[in-house]
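Following: one structure in structure tokens, then a few remarks.
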Amino acid sequence: MMISNIKDQSVGEIVAADHRTAFVFKSHGIDFCCGGKKNVANACASKNVDVNELEKEIASILAQPVQGMKFNDWTVDFLVDYIVNNHHVYVKNKLPELLYISEKVARVHGERDSELLEMYALVQELHSELMNHLNKEETELFPLIKKLDDKDQSEYLSNLLLTELEDEHELAGSMMQKLETLSNNFTPPKEACTSYVIYYKTLKEFQDDLHMHVHLENNILFPKVLGLLDKVA
């Protein structure tokens, strides 16, 4: 697959066209989900990344045969089901684990490593925010997506709900960024106990899943929905 004019395209568009490119952006600290609307040139400038070198890395990946899932080719109904069955289920299973281990590590080591107390408060906030967000998607957004022929509902979906949910994605992403900063890029101290190490490892895995989760919605599902709404209007 070839992607032309990489510098002028948004990060999200490029990852949506070929999800393998997410690895390149992530390796340079460039946000491809919540920050996916930035064009590549600006995204590189904000991270002091040589845009020409990044373009070469992307070209190298695109030159390889495509394997795996082609999310951009899926229908909105199939994409919705995939998001719920994979990412929503993952979040619902992992958040209680994160709450438990975050509280445990903060209680045992918080007096010495005070950032753990702030991290526990953030995990609590993230839990509340994401559970409300998933519920809103499953009870409001996704049922509406499956009834896009209703003009009134479609206008509400386009004008209010998608913007609101994108803002919530941004909030969750900023919380994870704070957790990453407080944890020194999820790097436990040398003397860390097993729970400490597992906690940071779980946070890193959770962030990786959240990035793909938000990317699938912001950069693939929502644009598909808006395209269908234009046909309804």
Side-chain angles (χ1 to χ4, degrees), residues 11-12 15-16 19 22-23 25-26 31-36 68-69 71-72 74-106 116 118-146 157 161-183 185-186 188 195-225:
V11 175
V15 179
H19 69 276
F23 172 78
F25 292 113
K26 193 170 182 63
D31 182 2
F32 65 88
C33 51
C34 295
M69 291 175 275
F71 300 111
N72 226 16
W74 293 358
T75 66
V76 291
D77 286 6
F78 192 85
L79 194 53
V80 161
D81 290 341
Y82 177 86
I83 289 169
V84 171
N85 291 328
N86 288 271
H87 297 291
H88 281 211
V89 169
Y90 174 85
V91 170
K92 290 174 182 178
N93 288 337
K94 282 296 176 182
L95 276 176
E97 292 180 23
L98 274 174
L99 267 180
Y100 171 78
I101 200 166
S102 178
E103 186 279 331
K104 178 182 178 181
V105 173
L116 293 170
E118 187 175 351
M119 289 174 66
Y120 175 46
L122 274 169
V123 171
Q124 289 179 298
E125 187 179 357
L126 183 68
H127 179 278
S128 176
E129 176 66 28
L130 282 179
M131 291 307 293
N132 288 332
H133 178 79
L134 297 190
N135 182 65
K136 189 181 300 181
E137 288 190 337
E138 292 178 13
T139 61
E140 294 185 52
L141 174 65
F142 294 159
L144 283 174
I145 285 176
K146 296 188 176 185
L157 176 59
L161 193 52
L162 291 184
T163 300
E164 183 180 325
L165 291 170
E166 283 188 339
D167 289 344
E168 291 176 4
H169 288 163
E170 186 74 31
L171 177 59
S174 69
M175 290 181 194
M176 286 304 310
Q177 182 60 55
K178 289 178 184 177
L179 286 165
E180 181 178 4
T181 300
L182 287 167
S183 64
N185 195 28
F186 307 119
S195 293
Y196 211 138
V197 172
I198 292 173
Y199 175 34
Y200 278 26
K201 182 176 183 291
T202 304
L203 279 173
K204 176 65 169 63
E205 291 174 351
F206 192 87
Q207 184 189 59
D208 288 344
D209 182 83
L210 187 64
H211 282 171
M212 182 55 68
H213 181 175
V214 172
H215 162 66
L216 288 176
E217 294 187 359
N218 280 10
N219 301 326
I220 299 181
L221 178 63
F222 293 178
K224 279 180 175 288
V225 169

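Being a predicted model, the structure only gives us computed values, none of them experimental.
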Atom [atom1] of [X] and atom [atom2] of [Y]: how far apart are they, to the nearest 0.5 Å?
X: Leu98; Y: Glu205; atom1: CG; atom2: CD; value: 9.5 Å
X: Asn218; Y: Glu170; atom1: CG; atom2: CD; value: 8.5 Å
X: Glu129; Y: Met175; atom1: CD; atom2: CE; value: 5.0 Å
X: Leu95; Y: Glu97; atom1: CG; atom2: CD; value: 9.5 Å
X: Gln177; Y: Leu122; atom1: CD; atom2: CG; value: 11.5 Å
X: Asp31; Y: Ser174; atom1: CG; atom2: OG; value: 10.5 Å

**OP:** Quick one: do Tyr120 and Val105 satisfy side-chain contact (heavy atoms from CB on, under 4.5 Å)? Show the steps, please.
**Re:** CA-CA 9 Å; Tyr120 175 46; Val105 173; over 6 Å; no
Check this for me, if you would: do [X] and [Y] make a salt bridge, where the nitrogen-to-carboxylate-oxygen distance has to be below 4.0 angstrom?
X: Lys92; Y: Glu138; value: yes
X: Glu164; Y: Lys136; value: yes
X: Lys204; Y: Glu180; value: no

Check whether [X] reaches the backbone of [Y] with its side chain - one donor and one acceptor, N or O, closer than 3.5 Å.
X: Ser128; Y: Glu125; answer: no
X: Lys224; Y: Asn72; answer: yes
X: Asn135; Y: Met131; answer: no

So [Y] and [X], do their side chains get closer than 4.5 Å, heavy atoms only?
X: Leu221; Y: Ile145; value: yes
X: Leu216; Y: Phe222; value: no
X: Val91; Y: Phe206; value: yes
X: Leu165; Y: Leu141; value: yes
X: Leu116; Y: Tyr199; value: yes
X: Gln207; Y: Leu203; value: no
X: His211; Y: Phe32; value: yes

**OP:** Indicate whether any N or O donor in one side chain lies under 3.5 Å from an N or O acceptor in the other, for His133 and Glu137.
**Re:** yes
Subject >> Flag for Asp209-His213: side-chain donor and acceptor within less than 3.5 Å >> reply: no
**OP:** Go through Tyr82 and His87 one step at a time and tell me if the side-chain contact (heavy atoms from CB on, under 4.5 Å) criterion holds.
**Re:** CA-CA 8 Å; Tyr82 177 86; His87 297 291; 4.0 Å; yes
Original post:
Is it true that His88 and Phe142 have ring centroids separated by less than 6.0 Å?
Top reply: yes
Original post:
Would the Tyr196 and Tyr200 ring centres measure less than 6.0 Å apart?
Top reply: yes
Subject >> Worked verdict on Val123 versus Leu99 for side-chain contact (heavy atoms from CB on, under 4.5 Å) >> reply: CA-CA 6 Å; Val123 171; Leu99 267 180; 4.0 Å; yes
Original post:
For the residue pair Pro96 and His127, what are the closest heavy atoms and their distance?
Top reply: N-CD2, 4.5 Å
Original post:
Which heavy atom of Met119 sits nearest a heavy atom of Ser183, and at what distance?
Top reply: CE-CB, 3.8 Å
